[in-house]
Amino acid sequence: MDFDRTADRRALDDRVTAWREEHEATIRDHAERSAFPRDLYEEGMERGFGTAILPPEYGGPGGGAVEYGIVAEQTGIFQICFQTQRAILTAGTAAQRERYLPAFADGSAVGAISISEPETGSSLKSMDTTVERDGDGWVVDGFKSHVNLAAEATVHLVFAAADEGLTVLLVDDDAPGIEVSEKRDPIGTRYLPIYDVAFDEVPVDDDAVLLGPGDGYEVFFETFNFSRIGNASEMLGRGKRSLRRAVRWARDRTVGDQTVTEFQGIRWKIADLYTDLRAATRLRDEAAHALDDGDDDASLKTSMAKLKAADAGLAATTEATQITGAHGLYRDQPYEANFRDVKTLEVAGGSREIMRNVIADAVVPEL
Ligand SMILES: Cc1cc2nc3c(=O)[nH]c(=O)nc-3n(C[C@H](O)[C@H](O)[C@H](O)COP(=O)(O)OP(=O)(O)OC[C@H]3O[C@@H](n4cnc5c(N)ncnc54)[C@H](O)[C@@H]3O)c2cc1C
């Protein structure tokens, strides 16, 4: 399979890399405070980074999972909005797409996705949030936890249990009864603040349902098979940047009469970390192409990509601080933040155990 990048994709990579480097300090400052870099988000949406998957008819550049991976490898500030756009693009009616997607293209829209609850994480079966018919519309009632951007969102994608089964609704932020109740204090990806949010008898129009009542699992898999590309890419980006920075430092560091990169133990460590990052990047690329080509085994491939990106990203961000000794163990260096972000992304959007379950479900009957 040919994963060589086209000139357009290389150009996107160059542009988003330069943009991330220019704004790295600002994003880091927001992460320290657990604040959403709203101005940068808006600029990045207008420049086509956070809208890399949006077709031109809605104001985007018209890419797919490959472009999503390129952007996410550099920055995670668009992650939730990529997921929201993906859900609306693949499951929305023409009217829903027309209503919401152009607002993402100009940066005025921010999405939040409410699935998790205090008692519902990896399994959606025990969801307590309900949605019931009420006249011509619906009423949503429940409590969600770990919701990125709940306070900043202009539109919430809410997963709830209906009589018909799991159902997903688009709920505007000005709907009465939405109460963002607590800002959480996560260890990683702090540029996307996390909140608990209550939906207290929130009235929703009939045309707010994505696909149809009871089609929630379909929306979920369309969205989260895709989001694994973003999570995997962000972990790879953090791993690669940590390793590169550590090696550059170690090349100049003399211990006794050798540089650190002359020690065989360090050289082999670098070789292993680099190889694992390259291998995981190939899996990510294969998965992104599979999604864009509509392959049947895209879910298997995105799960393998996320699993291996977590392995490679965690190893690289951890070992970077070993290669750099005490120098890397200070908070003015980016290593610990990269580690915290990768550790967080290892769970968010589906833990490594769930990735293994998906992989085993696909391969055990086939082998
Ligand atoms: C930074 C961050 C951002 C998040 N953002 C959002 C968001 O915006 N919206 C949202 O709805 N949620 C969000 N989440 C929640 C996230 O999706 C859940 O944390 C995740 O689905 C895991 O659920 P849980 O934490 O409840 O773990 P649990 O489901 O309680 O699992 C606990 C442990 O058991 C393991 N486990 C669970 N089921 C199985 C199984 N069948 N087989 C083997 N092992 C299993 C898990 O892997 C884990 O190790 C976010 C989480 C984080 C960390």
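Counting from 1, the numbers follow the sequence of the chain as shown. What you see is a predicted model; the values in this text were computed from it and never measured. Every number for a ligand or one of its atoms is a count from 1 in the order of the listing.
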Below 4.0 angstrom, counting only protein heavy atoms, does anything approach [atom]?
atom: atom 6 (C) of ligand 1; result: yes
atom: atom 34 (O) of ligand 1; result: no
atom: atom 28 (P) of ligand 1; result: yes

Tell me, which protein residue and heavy-atom name are nearest [atom], and how many Å apart are they?
atom: atom 52 (C) of ligand 1; answer: Ala348 CB, 3.7 Å
atom: atom 13 (C) of ligand 1; answer: His146 O, 3.0 Å
atom: atom 20 (C) of ligand 1; answer: Val347 O, 4.1 Å
atom: atom 39 (C) of ligand 1; answer: Ile354 CD1, 3.7 Å
atom: atom 3 (C) of ligand 1; answer: Asn148 OD1, 3.2 Å

What one should report as the nearest heavy-atom pair of Ala305 and Ala287 is CB-CB, 4.1 Å
Closest heavy-atom pair, Ile77 versus Leu192, reported as atoms and distance to 0.1 Å, is O-CD2, 3.6 Å
Go through ligand 1 atom by atom and flag the ones less than 4.0 Å from a non-hydrogen atom of [X].
X: Gly121; value: 21 (O), 23 (O), 24 (P), 26 (O), 29 (O)
X: Ser351; value: 46 (C), 47 (O)
X: Ile113; value: 7 (C), 8 (O), 9 (N), 10 (C), 11 (O)

Any idea which part of [X] is under 4.0 Å from ligand 1, heavy-atom wise: side chain, backbone, both or neither?
X: Thr189; value: side chain
X: Asn357; value: side chain
X: Ile194; value: side chain
X: Ser116; value: both

Any N or O of [X] that comes nearer than 3.5 Å to an N or O of ligand 1?
X: Val147; answer: no
X: Ser114; answer: no
X: Glu353; answer: yes
X: Ser122; answer: yes
X: Thr344; answer: no

*If you measure from the Lys or Arg side-chain nitrogens to the Asp or Glu carboxylate oxygens, is any gap between Asp172 and Arg99 under 4.0 Å?*
yes
Point to revise | Salt-bridge present (Arg38, Glu42; N to O < 4.0 Å) | key: yes
Residue pair [X] / [Y], side-chain donor-acceptor N/O under 3.5 Å:
X: Tyr195; Y: Glu152; result: yes
X: Tyr68; Y: Gln79; result: yes
X: Ser227; Y: Arg86; result: no
X: Ser108; Y: Asp106; result: yes
X: Glu117; Y: Thr129; result: yes

* Look at the aromatic rings of Trp19 and Phe78 and report parallel, tilted or perpendicular, splitting at 30° and 60°. => parallel
Residue pairs meeting salt bridge (charged side-chain N to carboxylate O under 4.0 Å, His left out), one or both in residues 25-36, sequence neighbours left out, come to Asp29-Arg33, Glu32-Arg331
With sequence neighbours left out, the residues meeting ring-ring contact (aromatic ring centres under 6.0 Å, His included) with Phe36 are Tyr41
